[in-house]
Structure formats: C-alpha cells, structure tokens
Amino acid sequence: MKITLLYFAQLRESLGKNSEEFTSAEPLTGKELIEALVARYPQMEAVAGSIQLAVNGEYFRVEQILPDSAEVALIPPVSGG
C-alpha cells in the first residue's frame with residue numbers, strides 16, 4: 001500500500017516537511033500508521049494520541065483500515081484563541 005501523508009501545524013514544523021510518501025507491505029489502520037510514524041519520528045510521540053486523521057478530505061476514525069493510494073492528513077491538536 002502506498003499513501004501520501006500531509007503534515008500540518010506543529011507536526012510540519014517538528015518534522016521539517018509538508019508531505020511525504022509512505023509505503024507498507026500490508027494494509028494499516030490509522031492507529032497502526034501513527035504508531036509506525038512515531039517509530040520513525042520519535043518527536044511525534046508527545047502528540048500521537050491526539051492526532052486526527054483526514055483521508056481524502058474526510059475525517060477518519062483511527063480504527064479503520066486506510067485505503068490504498070489515499071491522501072492522509074495528520075492534524076495535531078491546536079491551541080490558541
């Protein structure tokens with residue numbers, strides 16, 4: 001499976017990139033994707049439990065299996081007023 005990841009807000013800043021391609025030999029749930037990304041980018045661990053996913057422009061539950069060739073936006077918690 002191959003997906004495009006889009007990073008926003010503090011994730012974009014801490015990773016130093018807006019997007020990247022992600023490949024997995026097996027289908028993944030949203031939760032498994034986040035876990036794989038935390039293993040790759042340990043700086044994501046602090047917000048991993050609060051990341052929201054949007055898949056192809058629609059909010060997505062982390063328990064669902066990601067579709068192949070999807071565009072996945074990772075949206076960290078935001079603060080401010």
(message) Donor-acceptor pair, distance only, cut-off 3.5 Å: does the side chain of Thr29 make one with the backbone of Glu32?
(response) yes
(request) For Pro67 and Asn56, work out which heavy atoms get closest and say how close. (result) CG-ND2, 4.4 Å
(request) For residues Pro77 and Gln10, report the shortest heavy-atom separation together with the two atoms involved. (result) O-OE1, 3.6 Å
(request) Sequence neighbours left out, what passes salt bridge (charged side-chain N to carboxylate O under 4.0 Å, His left out) with Arg61? Give chain and number order. (result) Glu63
(request) To the nearest 0.5 Å, tell me how far Leu11 CG sits from Gln43 CD. (result) 9.0 Å
(message) Just so I know, are the side chains of Asn18 and Phe8 near enough to count as touching, which here means a heavy-atom distance under 4.5 Å?
(response) no
(request) For the residue pair Thr4 and Glu71, confirm or rule out a side-chain donor-acceptor distance under 3.5 Å. (result) no
(message) If the threshold is 4.0 Å, N to carboxylate O, is there a salt bridge linking Arg40 and Glu35?
(response) no
(message) In this structure, would Ile75 and Phe22 fall into the same cluster of hydrophobic residues linked by side-chain contacts under 4.5 Å?
(response) no
(request) State whether the side chain of Asp68 and the backbone N or O of Ile3 hold a donor-acceptor pair below 3.5 Å, judged by distance alone. (result) no
(request) Please test Leu5 against Glu21 for side chain to side chain contact (heavy atoms under 4.5 Å, CB included), starting from the C-alpha separation and ending with a verdict. (result) CA-CA 6 Å; Leu5 302 176; Glu21 297 297 316; over 6 Å; no
(request) Answer yes or no: is there a side-chain heavy-atom contact under 4.5 Å between Met1 and Thr23? (result) no
(message) Can you confirm whether Val72 sits close enough to Leu6 that some side-chain heavy atom of one is under 4.5 Å from a side-chain heavy atom of the other?
(response) no
(request) Would you please say whether a donor-acceptor pair under 3.5 Å links the side chains of Tyr7 and Glu13? (result) no
(request) Answer yes or no: are there more than 12 heavy-atom neighbours, outside Glu20 itself, under 6.0 Å from its atom CD? (result) yes
(message) Can you confirm whether Val62 sits close enough to Ile51 that some side-chain heavy atom of one is under 4.5 Å from a side-chain heavy atom of the other?
(response) no
(message) I want to check something: taking the side chain as every heavy atom from C-beta on, are Val55 and Leu66 in contact at a cut-off of under 4.5 Å?
(response) yes
(message) Check for me, please, whether Leu33 and Ile65 land in the same ILVMFWY cluster - side-chain distances under 4.5 Å, paths through other members count.
(response) no
